[in-house]
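First comes the structure, then the notes that go with it.
FYI, side chains are in, hydrogens and waters are out, and symmetry mates aren't considered; it's all heavy atoms of this structure.
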Amino acid sequence: MGCDSTLVLVLCIWGFYLTLLSSGVRLGASRHKLEVNKHLNLLNKPPVKTIQSPDGDIIDCVHISKQPAFDHPFLKDHKIQMRPNFHPEGLFDENKLSEKPKEGSNAATPITQLWHANGKCPEDTIPIRRTKEEDVLRASSVKRYGRKKHRSIPKPRSADPDLINQSGHQHAIAYVEGDKYYGAKATINVWEPKIQQPNEFSLSQLWVLGGSFGQDLNSIEAGWQVSPDLYGDNNTRLFTYWTSDAYQATGCYNLLCSGFIQVNSNVAMGASISPISEYSNSQYDISITIWKDPKEGHWWMQFGNDLVLGYWPSFLFSYLADSASMIEWGGEIVNSEANGEHTSTQMGSGQFPEQGFGKSSYFKNIQVVDSSNNLKTPKGLGTFTEQSNCYDVQTGSNDNWGHYFYYGGPGKNPNCP
């Protein structure tokens, strides 16, 4: 049929427009797919060995010299430092810390990662959790994959309602400031908090912070998190994070960009932790130490008593090239509910601090590293939470646990509508 009437002409033009539109959409989709595949090729290095984890993760054992860190232009000729020159002095005897401030027994079972059930990585390799296409597709853009959103840092003493509403991030933390800090340590109770929306998360971590809370904030972070958006499930996972510009363009979770240099073949960043604490049952902890090597100036991370994981080279940072100006420990969640509603995403165990041991989540043996590379109890410990009716924090100290605090909460409840 020819286009010989006005109606038919309009229909012909409309049909032509739809054809153009759909081919534009197809072109856009194929471009996006190309971009995603290019990013996956950048992140997923050729493995020496591959291990299938029971939780569905694929762990690639990648030669230590081929890890993502070395995509950084400043690390092209970097000689890997296999161990720190110095450990912080005065590490607590962790065995002594098995006693509790209240009744209850801590299981002696060591924390492992689920993938260990199916094998281990050979020497001179590091385990890297393989990034899948669907992981990247869940991100708002390929560029933002593996990054935190802006303004997700707890800024004590500014319990400004606007901050809560703008960023949606809420915290229950203990912190110290007003000195130069060269590291931090904590033993962190491990739970599996319930997450309400897939785009929300719940984490428990320590922050080593340098600079002001402006556009150039430096941060090194480590702990455990549940993040369906990042990992595609609700498992509790070990994670690290760094940024040198307040989460804008630098840094990422785990090994999802160049920066952190891993030297350990036993622990995979972003892999599931097992076992997990249960309410009124066995409790499980992980210990994390982050400190600045006085000789080379790199920031090192240790997991447990003896697993040195790797380091953040000092050149990645401005303020932290010298020292940290604040240390924070505690929990963080994302509340994505609109119109003043609150999420029921849990922080910690999902219980308020007053529930105590076996029910509420805790940090114990919290310490800072001073300029002489000694671990010290923090002086002038403060606490901060945006909405204590939703999530709260309570500090204490005794001979067995050193300085400690219970923290967390259920989110939405009659006092937190």
Side-chain angles (χ1 to χ4, degrees), residues 88 148-160 163-164 167 169-188 203-223 225 239-248 250-251 288-294 297-301 311-312 314 316-333 347 363-386 391-395 397 402-405 407:
K148 279 191 178 186
K149 294 181 173 60
H150 308 336
R151 298 200 67 173
S152 64
I153 199 87
K155 187 179 177 185
R157 298 209 195 105
S158 71
D160 168 2
L163 186 72
I164 300 165
S167 77
H169 288 248
Q170 287 180 264
H171 310 85
I173 62 160
Y175 68 95
V176 287
E177 61 179 338
D179 203 348
K180 286 190 163 193
Y181 306 100
Y182 295 85
K185 180 177 195 293
T187 297
I188 312 173
L203 58 76
S204 297
Q205 68 171 53
L206 51 87
W207 288 259
V208 176
L209 300 166
S212 66
F213 283 80
Q215 303 298 297
D216 56 356
L217 181 76
N218 291 190
S219 183
I220 291 174
E221 307 167 24
Q225 68 182 161
F239 82 94
T240 61
Y241 200 93
W242 71 274
T243 179
S244 60
D245 61 358
Y247 308 102
Q248 293 176 96
T250 63
I288 289 174
T289 314
I290 292 172
W291 77 99
K292 190 176 173 63
D293 186 324
H298 305 321
W299 287 88
W300 285 82
M301 176 179 169
Y311 58 97
W312 291 268
S314 60
L316 294 173
F317 305 103
S318 48
Y319 297 104
L320 287 178
D322 175 46
S323 62
S325 51
M326 182 183 260
I327 305 288
E328 299 176 347
W329 302 263
E332 175 184 352
I333 64 99
M347 182 191 292
F363 278 60
K364 67 180 185 181
N365 180 26
I366 60 174
Q367 295 172 282
V368 295
V369 180
D370 68 11
S371 57
S372 305
N373 202 34
N374 289 318
L375 279 157
K376 293 279 167 66
T377 54
K379 285 193 169 53
L381 195 65
T383 60
F384 169 79
T385 182
E386 289 93 347
Y391 313 100
D392 205 3
V393 57
Q394 287 179 8
T395 59
S397 67
H403 280 59
Y404 68 87
F405 61 89
Y407 72 102

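What you find for Ser325 and Gly211 is that their closest heavy atoms are OG-N, 3.4 Å. Between Asp322 and Lys292, the closest heavy-atom pair is O-CE, 3.1 Å. The nearest pair of heavy atoms linking Val369 to Ala184 is CG2-N, 4.0 Å. Between Thr385 and His171, the shortest heavy-atom contact is OG1-O, 2.8 Å. When all heavy atoms of Trp291 and Met301 are compared, the closest pair comes out as CZ3-C, 4.3 Å. Considering every non-hydrogen atom in both Ser314 and Gly297, the closest pair reads CB-O, 3.1 Å.
Between Tyr391 atom OH and Met347 atom CE the span is 6.0 Å, to the nearest 0.5 Å. Taking CZ of Phe317 as the reference point, atom CG of Asp245 lies at 11.0 Å (rounded to 0.5 Å).
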Validation: residues 213-222 side-chain donor-acceptor distances under 3.5 Å, sequence neighbours left out:
from	atom 1	to	atom 2	distance (Å)
Gln215	OE1	Gln248	NE2	3.4
Asp216	OD2	Tyr319	OH	2.7
Asn218	OD1	Ser318	N	2.9
Asn218	OD1	Ser318	OG	3.4
Asn218	OD1	Tyr319	N	2.9
Asn218	OD1	Leu320	N	3.1
Asn218	ND2	Asp216	O	3.0
Asn218	ND2	Ser244	O	3.2
Asn218	ND2	Ser318	OG	3.2
Ser219	OG	Glu221	OE2	2.7
Glu221	OE1	Lys148	NZ	2.7
Glu221	OE1	Gln205	NE2	3.0
Glu221	OE2	Tyr247	OH	2.5

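Pairs engaging residues 367-376 under the salt bridge (charged side-chain N to carboxylate O under 4.0 Å, His left out) rule: Asp370-Lys376 [sequence neighbours left out].
Proximity of Leu206 to Glu328: side-chain heavy atoms (C-beta onward) are nowhere separated by under 4.5 Å. Residues Phe405 and Ile366 form a side-chain contact, since some pair of their non-hydrogen atoms from C-beta on lies under 4.5 Å apart. When side chains are defined from C-beta on, Trp299 counts as touching Ile290, because their heavy atoms get closer than 4.5 Å.
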- Residue pair Ser204, Tyr407: steps toward the side chain to side chain donor-acceptor pair (under 3.5 Å) verdict: CA-CA 10 Å; Ser204 297; Tyr407 72 102; 2.5 Å; yes

- Item | Audit row: Tyr175, Ile327, side chain to side chain contact (heavy atoms under 4.5 Å, CB included) steps and yes/no | CA-CA 6 Å; Tyr175 68 95; Ile327 305 288; over 6 Å; no

- Determine, stepwise, if the pair Leu375 / Lys185 fulfils side chain to side chain contact (heavy atoms under 4.5 Å, CB included). CA-CA 8 Å; Leu375 279 157; Lys185 180 177 195 293; 3.9 Å; yes

- Query: For Tyr311 and Asp293, what are the C-alpha separation, side-chain angles and deciding distance, and is it a side chain to side chain contact (heavy atoms under 4.5 Å, CB included)?
  - Reply: CA-CA 9 Å; Tyr311 58 97; Asp293 186 324; over 6 Å; no

- Item | Evaluation steps, side chain to side chain contact (heavy atoms under 4.5 Å, CB included), between Asn365 and Gln367 | CA-CA 6 Å; Asn365 180 26; Gln367 295 172 282; 2.7 Å; yes

- Query: What do the steps show when you test Trp329 against Phe363 for ring pair (Phe, Tyr, Trp, His ring centres under 6.0 Å), and what is the final call?
  - Reply: CA-CA 8 Å; Trp329 302 263; Phe363 278 60; 8.0 Å; no

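Each of Pro294, Pro88, Ser371 was evaluated against Tyr182; a single residue qualifies, Ser371, per the side-chain contact (heavy atoms from CB on, under 4.5 Å) test.
Looking at Thr383, its side chain never comes within 3.5 Å of a backbone N or O of Ile173 through a donor-acceptor pair.
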